[in-house]
Amino acid sequence: YLYLDGSVPVSERNRRVKDFQRGKAPVFLISLRAGGTGLNLTVASYVVLADPWWNPMVEEQAADRVYRLGQKQPVTIYRLITKGTVEEKIRLLQAEKLNRIEEILEGTSTAHALSVDELMELFEAS
């Protein structure tokens, strides 16, 4: 496998992306933050998101790295969420954020900031 996170220097990052594109490793582990910028992974057929981010657009941008000009195969995206964890609550928060964005764009927004209780609910044990 290949691995990429924010600590990898640009020259090494480029080499690892090229190695993956050439088939030198069947798996490429990429941190969400490193995977959201400047990657073109058209040989990938699966994306597994194992650690949700507060902003759903960060995840979408990272998954979009495989939907590039030159992609010739279907791509499947998996989100691994463990029941009863903060990650599950983050996923629910993401869904709320996306709904609010749609409401704003449609002009039907009743969007509001999270209350202290709503924020604390994210960190309570289920």
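For reference, positions follow the sequence shown, starting with 1.
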CG of Asp19 to CD of Gln21, rounded to nearest 0.5 Å, is 10.5 Å
The reported gap from CD in Gln94 to CE in Met57 (rounded to nearest 0.5 angstrom) is 8.5 Å
Less than 4.0 angstrom from a charged side-chain N to a carboxylate O is my criterion; do Glu12 and Lys18 meet it? no
Taken to the nearest 0.5 Å, the spacing of Asn40 CG from Arg65 CZ works out to 8.5 Å
Paired with Phe20, the side chain to side chain contact (heavy atoms under 4.5 Å, CB included) test is passed by just one of Leu2, Val27, Ile30, Leu4, namely Leu2
A side-chain contact here means heavy atoms from C-beta on lying under 4.5 Å apart; do Asp51 and Leu32 qualify? no
With a 3.5 Å distance limit and no angle check, can you tell me whether Gln71 reaches the backbone of Val43 through a side-chain donor-acceptor pair? no
**Message:** If the threshold is 4.0 Å, N to carboxylate O, is there a salt bridge linking Arg91 and Glu88?
**Reply:** no
Shortest non-hydrogen pair, Ala63 vs Ile77, comes out as CB-CD1, 3.5 Å
- For Arg16 and Tyr3, indicate whether the former's side chain and the latter's backbone hold a donor-acceptor pair under 3.5 Å. yes
Hey, quick one: are Val8 and Leu39 part of the same hydrophobic cluster, counting side-chain heavy atoms closer than 4.5 Å, chains of contacts allowed?
yes
Interatomic distance, OH@Tyr46 vs CD@Gln73, rounded to 0.5 Å, equals 9.0 Å
Nearest heavy-atom contact between Gly6 and Ser31 is N-OG, 4.0 Å
d(Asp5 CG, Leu29 CG) to nearest 0.5 Å is 10.5 Å
**Message:** For a 4.5 angstrom cut-off between non-hydrogen side-chain atoms, does Leu41 reach Arg68?
**Reply:** no
Could you tell me whether a side-chain N or O of Glu59 sits under 3.5 Å from a main-chain N or O of Leu49, the two making a donor and an acceptor? no
Give a yes or no answer on whether the side chain of Arg15 reaches the backbone of Ser11 with a donor-acceptor pair at less than 3.5 Å.
no
